[in-house]
Amino acid sequence: MTSAPGSTVPTARLDDLFAATGWGHGDIQFMLIDVERAADVLSTVDLSVWRPWVLVVEGTVSASTAGQDLRPESNGETWEPAVLAAGYEFCLFDGVSRFYVAEEHSELRPVLSYPACVLDDFARFQEEDLKAHHADQLAAANRELLYWRSVAIRSWGGAMAGRRSESVPLKNAISVLKAKVPRRLKAPLRKVRNAQRALARRARR
């Protein structure tokens, strides 16, 4: 198998690859053959032994491969008879790939017989990726908001602690003045005392 001019890569039969994994014959639920020469790949697996529940095979030759600027050409006639003979039922052609279901899992045929549509409530990858990006931005904004909130609270707490330390001499000074001034002059001092108490209450919250 040639991957590029002057270079080669090793190949192996699908039968051998499946056996090497240790999978049981009934454990393959979905198999996708996404190559233009599907007949070559399918010839390396015995579908009477290995029974993927759902088999999806690229069923076209791309326009670039075909050398024409038209819709891709179908190549199913070269390999589909062998798939059908192995006990697979055709379900859907989506324009690129052909979907088959093993006859022992024919209960899956109804849901495989129509392409994805709005009734499936599916989400496109691009939309989910955009949502995730916005979620990351929102989380970052929330983290920054919490950080600056904590900075503000610490600053406010420090300022209030400083005021509490100043309240003791202020209270003593008010007491001395109360003893020395006439009653008619105590009203302004009472306002100062009330303001000092209100400040202390706020500091305790």
Would you name the heavy atoms of Ser43 and Arg13 that are closest together and state the gap between them? O-NH1, 3.6 Å
Please assess Leu47 against Leu55 for the test side-chain contact (heavy atoms from CB on, under 4.5 Å), listing each intermediate value before the final yes or no. CA-CA 10 Å; Leu47 291 177; Leu55 176 64; 4.1 Å; yes
With Glu128 via salt bridge (charged side-chain N to carboxylate O under 4.0 Å, His left out) - residues at least two apart: Lys131
Check the hydrophobic clustering (I, L, V, M, F, W, Y; side-chain heavy atoms under 4.5 Å; chains of links allowed) and say if Val101 and Val83 are grouped together. no
What are the two closest non-hydrogen atoms of Leu92 and Leu112, and how far apart are they? CB-O, 3.3 Å
Working for side-chain contact (heavy atoms from CB on, under 4.5 Å), residues Phe99 and Leu108: CA-CA 11 Å; Phe99 291 68; Leu108 298 175; over 6 Å; no
Between CG of Asp16 and OG1 of Thr11, what distance do you get to the nearest 0.5 Å? 10.0 Å
Which atom pair, heavy atoms only, marks the closest approach of Leu84 to Phe90? CD2-N, 4.2 Å
Examine Phe93 and Val35 and state if one hydrophobic cluster contains both, with Ile, Leu, Val, Met, Phe, Trp and Tyr joined whenever side-chain heavy atoms are less than 4.5 Å apart. yes
Partners meeting ring pair (Phe, Tyr, Trp, His ring centres under 6.0 Å) with Trp50 (sequence neighbours left out): Phe18, His25
Residues Thr60 and Gly95: closest non-hydrogen pair is CG2-O, 3.7 Å
Contacts of type side-chain hydrogen bond (donor to acceptor under 3.5 Å, both in side chains), residue Gln126, not counting sequence neighbours: none
Applying side-chain hydrogen bond (donor to acceptor under 3.5 Å, both in side chains) to Asp27 and not counting sequence neighbours gives none
Does Val54 belong to the same Ile/Leu/Val/Met/Phe/Trp/Tyr cluster as Val96, with side-chain heavy atoms less than 4.5 Å apart forming each link? no
Same hydrophobic cluster for Trp53 and Ile33, using side-chain heavy-atom links shorter than 4.5 Å among ILVMFWY? no
Run the side-chain contact (heavy atoms from CB on, under 4.5 Å) test on Arg51 and Tyr88 for me, step by step, so that the C-alpha distance in whole Å, both residues' side-chain angles and the decisive distance to 0.1 Å come before the verdict. CA-CA 9 Å; Arg51 301 291 293 172; Tyr88 280 83; 3.3 Å; yes
Search all heavy atoms of Pro81 against all heavy atoms of Gly76 and return the closest pair with its distance. CD-O, 4.0 Å
Linking I/L/V/M/F/W/Y whenever any side-chain heavy atoms sit under 4.5 Å apart, do Val41 and Val56 land together? no
Of all the heavy-atom pairs spanning Glu58 and Asp34, show the shortest one and how long it is. OE1-OD1, 2.8 Å
The criterion is side-chain hydrogen bond (donor to acceptor under 3.5 Å, both in side chains); which residues satisfy it with Thr21, sequence neighbours excluded? none
Using only atom types and a distance under 3.5 Å, with no angle test, would you say the side chain of Asp46 pairs donor to acceptor with the backbone of Asp15? no
Taking side-chain hydrogen bond (donor to acceptor under 3.5 Å, both in side chains) as the test, write out the residues that go with Glu80, two or more places apart. Arg98, Tyr100
With rounding to the nearest 0.5 angstrom, report the CD to CD distance, Glu89 to Glu104. 9.5 Å
